[in-house]
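Every value quoted in this text rests on a predicted model; they were computed, and no experiment measured them.
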Amino acid sequence: MTAVPARRGTPRVVSLVPSATESLLALGVVPVACTRFCEQPDLPHVGGTKDPDLDAVIALRPELVVMCEEENLLDHHEVLVAAGLDTFTFHIDAVGDVGPQLAALAERVGVDPAPSWEPPPVPPVRLRAFVPIWRRPWMSLGGDTYGSSLLAHLGVANVFADAEVRYPEVTLEEAAARGTDLVLLPTEPYPFAERHRSQVAEVAPATLVDGQDLFWWGTRTPAAFARLAHAVDRLVAGV
């Protein structure tokens, strides 16, 4: 494996989180390796978020490994710490967590933070949406998630926000019974496409949304918020 040199003066960083990899690059820090899900074909890969090649990570002798509490496993974090590696772990449960967490990461890697951005106040509900993230079984978002928080700031109520778990298994019948106005089909983590719209027709009319804009947090958040806000405005105008 050939490591990519980081920007002069910045530490050697391995990122095990797609959102963090994208944000590091935006901050001018080129990770020496990342996961295969980070969509960076020019960077060396060290497995996936849930199955990283820990021996490869350790062999790269990074000064910092960037992880995420939700996407990475605690056991893997403990192995890396036991190997003497320093780590930074993101804890992102809501849109408001993004700015402070990015600022903390920027401080750790010795670069200027991203421009400050705060989400607008949560507006009145304009739409009630079902947001499936998987099928077979159908799964959705609970309220204690970044995606649900982002939608709330757009005036879109997540119909499963009261779920007791972050990603509940649900049925289409349950989604329909919750007064759903619209089904938002994200393009990831499950690759929903036009052909799936008919499958959720019993719930409500469906539209595709960019899964990365909805679920990838970090330096993309302000622009993603603006794109999604525009999309919601158009949906409201047409509903």
Would the distance check show the side chain of R166 and the main-chain N or O of D144 forming a donor-acceptor pair, the cut-off being under 3.5 Å?
yes
Backbone N/O of G211 and side chain of T187: donor-acceptor pair under 3.5 Å:
yes
So, the side chain of K50 versus the backbone of E71: is there a donor-acceptor pair under 3.5 Å, distance only?
yes
With a 3.5 Å distance limit and no angle check, can you tell me whether S148 reaches the backbone of L141 through a side-chain donor-acceptor pair?
no
Okay, side chain of T221, backbone of G218: is any donor-acceptor separation there less than 3.5 Å?
yes
Using modelled atom types only, decide if a donor and an acceptor are shared between the side chain of H45 and the backbone of Q40 within a distance under 3.5 Å.
yes
Is any side-chain heavy atom of F90 closer than 4.5 Å to a side-chain heavy atom of L102?
yes
Taking the six-membered ring for Trp and the full ring for Phe, Tyr or His, determine whether the centres of Y167 and W134 are under 6.0 Å apart.
no
Which is it for R108 and D86 under the salt bridge (charged side-chain N to carboxylate O under 4.0 Å, His left out) test, yes or no, and what are the steps along the way?
CA-CA 10 Å; R108 287 289 295 274; D86 195 10; 2.8 Å; yes
What heavy-atom pair brings L16 and P52 nearest, and what distance separates the two atoms?
CD2-CB, 4.2 Å
Between R36 and D53, is there a salt bridge with N-O shorter than 4.0 Å?
no
Step through the shown structure and confirm whether more than 12 heavy atoms of other residues, nucleotides or ligands are within 6.0 Å of CD on E164.
no
Evaluate the side-chain proximity of E188 to W216: yes if any heavy-atom separation is below 4.5 Å, no if none is.
yes
Please check: side-chain N/O of Q101 versus main-chain N/O of H91, any donor-acceptor pairing under 3.5 Å?
yes
More than 12 non-hydrogen atoms from neighbouring residues, nucleotides or ligands closer than 6.0 Å to CD on E107, yes or no?
no
Is a side-chain N or O of T180 found less than 3.5 angstrom from the main chain of L182, in a donor-acceptor match?
no
Is there a salt bridge (charged side-chain N to carboxylate O under 4.0 Å, His left out) between D210 and R227? Walk through the geometry before answering.
CA-CA 9 Å; D210 187 329; R227 287 189 292 267; 5.5 Å; no
Counting only N and O atoms by type, is there a donor-acceptor contact under 3.5 Å from the side chain of R12 to the main-chain atoms of L60?
yes
Counting only N and O atoms by type, is there a donor-acceptor contact under 3.5 Å from the side chain of R178 to the main-chain atoms of V159?
yes
